[in-house]
A.B. asks: 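Structure incoming, see below.
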2 protein chains.
Amino acid sequence: MGVFFRIMNADVRSDVSLGRRSPNAKTRVVVADRNVITRVGIRSILERNAGMAVVAEATTYEAALDAVDEHGPDVLLIDLDLGDDTTRGLKLCEEIVERFPNTKILVLAQSLSEMIVIEALRRGANGYLVKDEVKADELGKGVKAVQDGETVLGKGVGSMVARGLGSTRGAAEHLTDRELAVIKLVAKGLSNKQIAHEIFLSESTVKFHLQNASKKLNAHRRAEIVHRATAAGLL
Amino acid sequence: MGVFFRIMNADVRSDVSLGRRSPNAKTRVVVADRNVITRVGIRSILERNAGMAVVAEATTYEAALDAVDEHGPDVLLIDLDLGDDTTRGLKLCEEIVERFPNTKILVLAQSLSEMIVIEALRRGANGYLVKDEVKADELGKGVKAVQDGETVLGKGVGSMVARGLGSTRGAAEHLTDRELAVIKLVAKGLSNKQIAHEIFLSESTVKFHLQNASKKLNAHRRAEIVHRATAAGLL
DNA sequence: TAGCCACCTGTCCATATGGCTAGGTAGCGA
DNA sequence: TCGCTACCTAGCCATATGGACAGGTGGCTA
């Protein structure tokens with residue numbers, strides 16, 4: 001099995017970058033990951049095996065943004081899960097795309113979450129690899145590929161995206177703040193009544209939010225809701 | 001118990017090593033982690049910054065055992081979560097302790113799960129660090145410390161252990177196979193009736209297992225049960 | 001302004017769940 | 001053999017939950 005897929009993007013263009021830098025120039029990469037070990041590992045692989053240059057490392061969203069701003073790298077290799085809020089990582093993608101269109105984004109995630117994969121790509125990430133799946137040479141190839149304007153999807157990610165795009169709305173359906181809040185309390189084992197009391201709602205409203213969340217997550221029992229939300233990295 | 005705990009930010013001194021090996025010999029380490037990036041990172045940190053030798057890398061439980069057998073390292077640095085079954089990682093600890101008592105075990109976990117921390121230490125691991133928390137220099141120091149017979153607990157792990165040992169039974173209470181099986185189906189959103197049908201039990205029995213699991217996990221609603229089980233890395 | 005959305009509340013009812021008591025089997029080690 | 005554990009089953013009953021219908025608000029945008 002061709003361990004990872006590359007999808008040539010017909011519509012997205014690289015004609016702009018054609019003459020932008022000399023073909024022999026080293027690919028310049030900024031790595032954003034909260035984990036030292038991972039950063040060191042990536043740097044080692046990229047620099048020693050792939051002949052690239054890691055020009056900066058970042059451990060927070062702000063630092064990542066600053067680093068891209070300062071170094072204008074070809075590729076930002078990022079673990080969306082910096083800090084405690086993955087949503088910020090997604091916002092960061094949008095911002096990078098908007099402010100630094102020449103920097104490609106390759107997401108290097110800890111785990112495979114359908115919701116996050118889809119969202120990341122929707123917001124402009126050029127690729128999505130999973131840490132535990134990726135092999136050493138794939139990392140360098142992946143970085144090169146996104147730099148060249150391709151979309152790189154790791155093992156298992158491709159089919160996920162296909163499913164996501166296939167469904168009418170995919171993961172475009174976000175859980176609202178309230179829904180998420182309720183789910184978090186459900187995960188703690190509170191009953192509807194307790195949740196209602198906790199966040200000053202009527203029990204009816206709690207059930208209402210839960211019903212809506214059920215439909216969005218396509219889960220019909222609260223245990224499943226919690227499980228899916230957890231798997232999607234929302235808790 | 002006569003082990004002295006060492007929290008990672010306190011400073012170290014090794015007054016314990018009794019000249020078992022020449023003081024200048026390089027510490028020999030086997031690294032077991034399914035993730036290439038992490039392996040490369042650890043190797044780089046340990047070899048370049050801490051002057052140690054990574055004599056082998058492993059990506060499976062079997063390979064880890066073989067590597068320890070073959071190389072007789074001073075320290076086995078392992079992510080319990082190789083394969084899909086963390087329990088096997090715990091068993092591996094026991095086996096290493098039994099068969100290769102000269103090899104110390106330092107667990108390098110992805111996440112902080114109380115149940116796993118306690119179990120790992122109970123089965124003979126000499127330390128437990130969390131990947132995202134650990135700093136580059138702490139990794140080398142930690143390896144050195146366990147080699148010297150100390151117990152190394154990363155940030156946040158210490159208090160967890162204290163709590164675990166404080167409670168009468170701690171996490172000594174395992175979920176039985178049946179309980180786990182039922183919980184997995186609960187997580188998929190099945191009702192007791194459906195679960196009963198799925199694994200050929202009566203609904204009563206399903207409820208029985210769930211009741212027992214509730215008590216062990218100290219959770220009173222199925223949503224909480226799956227949340228805890230997930231957090232404990234059991235699903 | 002109409003339409004959409006997130007948000008909030010209520011009522012109804014069948015079913016699921018949590019918590020309990022009270023049995024049974026088989027295997028394993030002291 | 002006794003005691004322990006994992007395992008299996010049954011029944012009872014109060015409460016929680018899932019799913020439905022039927023309304024309401026305020027804010028935003030076409």
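In what follows, chains are A, B, ... by sequence order, proteins preceding strands, each numbered from 1.
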A.B. asks: Using the side chain to side chain donor-acceptor pair (under 3.5 Å) definition, which of the options Arg221(A), Arg222(A), Arg228(A) pairs with Glu224(A)?
C.D. replies: Arg228(A)
A.B. asks: Hey, does Thr176(B) reach any base, or is it just sugar-phosphate, or nothing, if we go heavy atoms under 4.0 Å?
C.D. replies: sugar-phosphate
A.B. asks: Could you state the atom-to-atom distance from CD1 of Ile225(A) to P of dT17(D) in whole Å?
C.D. replies: 11 Å
A.B. asks: Judged by each residue's nearest nucleotide on DNA chain D, which is more toward the 5′ side, His209(B) or Arg221(A)?
C.D. replies: His209(B)
A.B. asks: OP1 or OP2 of dA6(D) versus the side-chain N and O atoms of Arg178(B): is any pair under 4.0 Å?
C.D. replies: no
A.B. asks: Reckon Ser204(A) touches a base, only the sugar-phosphate, or nothing at all at heavy-atom distances under 4.0 Å?
C.D. replies: base
A.B. asks: Check whether any side-chain heavy atom of Ile37(B) sits under 4.5 Å from a side-chain heavy atom of Leu108(A), and report yes or no.
C.D. replies: yes
A.B. asks: Under 4.0 Å from any heavy atom of chain B: name the first and the last nucleotide of DNA chain C that qualifies, 5' to 3'.
C.D. replies: dA16(C) to dG19(C)
A.B. asks: State plainly whether the residues Glu203(B) and Lys207(B) are in salt-bridge range, i.e. N to O under 4.0 Å.
C.D. replies: no
A.B. asks: What's the angle between the local helix axes at either end of the helix from dT1(C)-dA30(D) to dA30(C)-dT1(D), using five pairs per end and rounding to 10 degrees?
C.D. replies: 50°
A.B. asks: Calculate the interatomic distance between Lys193(B) atom NZ and dA10(D) atom P; express it in whole Å.
C.D. replies: 13 Å
A.B. asks: Excluding sequence neighbours, so at least two apart, what forms side chain to side chain donor-acceptor pair (under 3.5 Å) with Ser202(A)?
C.D. replies: Thr205(A)
A.B. asks: So, does Tyr61(A) use its side chain to make a donor-acceptor pair with the main chain of Leu80(A) at under 3.5 Å?
C.D. replies: yes
A.B. asks: How close or far is atom C1' of dG19(D) from atom CG of Leu210(A), stated in whole angstroms?
C.D. replies: 12 Å
A.B. asks: Separation of His220(A) atom NE2 from dG19(D) atom P, in whole Å?
C.D. replies: 6 Å
A.B. asks: Show your working on side chain to side chain contact (heavy atoms under 4.5 Å, CB included) between Arg34(B) and Asp81(B) and close with a plain yes or no.
C.D. replies: CA-CA 8 Å; Arg34(B) 66 206 302 201; Asp81(B) 185 28; 4.1 Å; yes
A.B. asks: Can you find a pair of side-chain heavy atoms, one from Leu65(B) and one from Asp69(B), that are under 4.5 Å apart?
C.D. replies: no
A.B. asks: Who are the side chain to side chain donor-acceptor pair (under 3.5 Å) partners of Ser191(A), not counting sequence neighbours?
C.D. replies: Gln194(A)
A.B. asks: Write down the atom of Ile199(A), the atom of Arg178(A), and the distance for their closest heavy-atom approach.
C.D. replies: O-NH2, 4.2 Å
A.B. asks: Any side-chain heavy atom of Thr103(A) within less than 4.5 Å of one from Val30(A)?
C.D. replies: no
A.B. asks: Protein within reach of the bases, or only the backbone? For nucleotides 20-29 of chain D, mark each nucleotide 5' to 3' as B, S or -, using heavy atoms under 4.0 Å.
C.D. replies: ----------
A.B. asks: Please enumerate all residues that pass side chain to side chain donor-acceptor pair (under 3.5 Å) together with Glu57(B), with sequence neighbours excluded.
C.D. replies: Arg39(B), Arg43(B)
A.B. asks: Rounded to the nearest Å, what distance is computed from the CZ atom of residue Arg222(A) to the C1' atom of nucleotide dG19(D)?
C.D. replies: 13 Å
